[in-house]
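We're numbering straight along the sequence, starting at 1.
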Amino acid sequence: MSGSASDTAPAGRATFPHCLRAEWIKIRTMRSTVHVILGTLAFCVGLASLNSTSAGGEYGDMTAVDQAAFDPLATSLRGYLLAQIASTCWALW
């Protein structure tokens, strides 16, 4: 095993490769990880689409100037950002 991180690091010292390997093992072995990732992704996409749908419904009632300035991508990403903040707060709780 020459040249590996375990040969170059003093005993008891955590290095980045050690931490990365430990996190990879944790992600691989915990069954709930996939469920949490998929649930968070579904939550974020759902909240972003709800935000976009509500903003898109108002598009027909806007004036021509407002319609020209309307940016659906920014509206969608604003909803996704809100969903990320909500899921982060949920994870920290």
Problem set entry | Qualifying residues under ring-ring contact (aromatic ring centres under 6.0 Å, His included), relative to F70, sequence neighbours excluded | Y59
For this session: Establish, from distance only, whether the side-chain atoms of S32 and H35 form a donor-acceptor pair under 3.5 Å.
Result: no
Exercise. Looking at residues at least two apart in the chain, or sitting in another chain, which of them share a side chain to side chain donor-acceptor pair (under 3.5 Å) with T63?
Worked result: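 Expected list: D66.
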Please identify each residue that fulfils side-chain contact (heavy atoms from CB on, under 4.5 Å) with [X], with sequence neighbours left out.
{"X": "D71", "answer": "L73, A74"}
{"X": "L20", "answer": "F16"}
{"X": "L38", "answer": "V34"}

Exercise. How far does OG1 of T15 sit from CZ of R21, to the nearest 0.5 angstrom?
Worked result: 7.5 Å
For this session: Provide the closest heavy-atom pair for M62 versus Q67 in the form atom of the first, atom of the second, distance.
Result: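 Looks like O-NE2, 3.5 Å.
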Seminar exercise, completed: Quick note, salt bridge (charged side-chain N to carboxylate O under 4.0 Å, His left out) partners involving residues 25-48, not counting sequence neighbours, are E23-K26
